[in-house]
Asker: 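Got a structure here, written out as structure tokens. Questions coming.
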Amino acid sequence: MTERQILVAANWKMNGTLETIRPLMKSIIEGVQGVTTEVAICPPSVFIAELAANLDGSEIKLGAQNVSQLEKGAYTGEISVSMLKDFACQYVIVGHSERRALYAEKDLLVAEKFIAVQASGMVPILCVGELLEEREANDTETVIARQLDAVIELAGIEAFKNAVVAYEPVWAIGTGKTATPEQAQEVHEFIRLRLARHDNQTADIVRILYGGSVNAGNAEQLFKMADIDGGLIGGASLVAEDFLTICKAMR
Ligand code: PEP
């Protein structure tokens, strides 16, 4: 089995102003020194340049929360992969449940964004996860299989060699409710097996992050599970001390 390096990625969502993100960024940069975990920050797009300038020389990777699937043109308000590349972004979140639910992003669009990110040399963090009613109807695996298969069909299984998957049960995002380590592990294992149906080696190396109210108190238990390779962190990534504790939580 491959030893997969833990990845902890911050998703700041639509939070912060220059006044608040500057000290947050400074504390994170200082606090992660010597940490063996890979750390990434996905700020709101308008702050990408500010982070790019400050992360220079730091081990922290820069990411974006969303991107257009299109190359360029008359698409008011959109941001292209080449714009993100200009600021040395390395990761892009695609298919976050908030994008799927609030901006009607469908599986096919998510797959197109995944491909655009990879074609530009960046790494997509593909979010998958079920709603509460889907879990209660025992549909978790069906939903996640559908979300994964849409990307496998369009991008091919090989593409997952250079991608990260984030399992984010929608009922646990921003709600303070976390999946238990066992509940999360069960779905992570399902995701890996689903990929393994196409290619064992790819399934073995792909990192699968857990997201959904990860905090300083539960990260370590979650990251101990065999198929949990780190976390996508929302709320707790806005508090430097909590985020740093999560970055230091080891397997
Ligand atoms: C997220 O939306 O990616 C997330 C995991 O948020 P939170 O940690 O706040 O639940």
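From a predicted model like this one, the values you see are computed outputs, not experimental measurements. Indexing begins at 1, ligand by ligand and atom by atom, following the structure's order. Worth knowing before you read on, the calculation uses all heavy atoms, side chains too, and leaves out hydrogens, waters and symmetry mates.
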Asker: For K13, counting its heavy atoms only, list the atoms of ligand 1 lying under 4.0 Å from any of them.
Answerer: 1 (C), 2 (O), 4 (C), 6 (O)

Asker: Taking NZ, NE, NH1 and NH2 as the nitrogens, is one of them in R100 or D107 under 4.0 Å from a carboxylate oxygen of the other?
Answerer: yes

Asker: What do we get for A172 next to ligand 1 when only non-hydrogen atoms under 4.0 Å count, side chain, backbone, both or neither?
Answerer: backbone

Asker: Counting only nitrogen or oxygen atoms and a 3.5 angstrom limit, does I233 reach ligand 1?
Answerer: no

Asker: Going by ring-ring contact (aromatic ring centres under 6.0 Å, His included), name the residues that satisfy it together with F114, two or more places apart in sequence or in a different chain.
Answerer: F160

Asker: Need the ligand 1 atom indices (1-based, order shown) with element for anything under 4.0 Å from a heavy-atom of G174.
Answerer: 7 (P), 9 (O), 10 (O)

Asker: So do the side chains of M225 and H188 get within less than 4.5 Å of each other, counting heavy atoms only?
Answerer: no

Asker: Give the numbers and elements of all ligand 1 atoms closer than 4.0 Å to a heavy atom of S213.
Answerer: 7 (P), 8 (O), 10 (O)

Asker: Please list the nearest protein heavy atom to atom 3 (O) of ligand 1 with its residue and the distance rounded to 0.1 Å.
Answerer: E168 OE2, 2.8 Å

Asker: Check ligand 1 against H96 and write out every atom of the ligand that is under 4.0 Å from a heavy-atom position of the residue.
Answerer: 1 (C), 2 (O), 3 (O)

Asker: Who's the nearest protein heavy-atom neighbour of atom 8 (O) of ligand 1, and how far?
Answerer: G234 N, 2.9 Å

Asker: Mind checking what makes side chain to side chain contact (heavy atoms under 4.5 Å, CB included) contact with S45, not counting sequence neighbours?
Answerer: I48, I79

Asker: Is the backbone of A216 close enough, under 3.5 Å, to the side chain of T245 for a donor and an acceptor to pair up by distance?
Answerer: no

Asker: Give the numbers and elements of all ligand 1 atoms closer than 4.0 Å to a heavy atom of L232.
Answerer: 3 (O), 5 (C)

Asker: Please list the nearest protein heavy atom to atom 9 (O) of ligand 1 with its residue and the distance rounded to 0.1 Å.
Answerer: G235 N, 2.8 Å

Asker: Any Lys/Arg nitrogen of E141 or R194 sitting under 4.0 Å from an Asp/Glu carboxylate oxygen of the other?
Answerer: no

Asker: Measure the spacing between CD of E105 and CD of E112 and express it to the nearest 0.5 Å.
Answerer: 10.5 Å

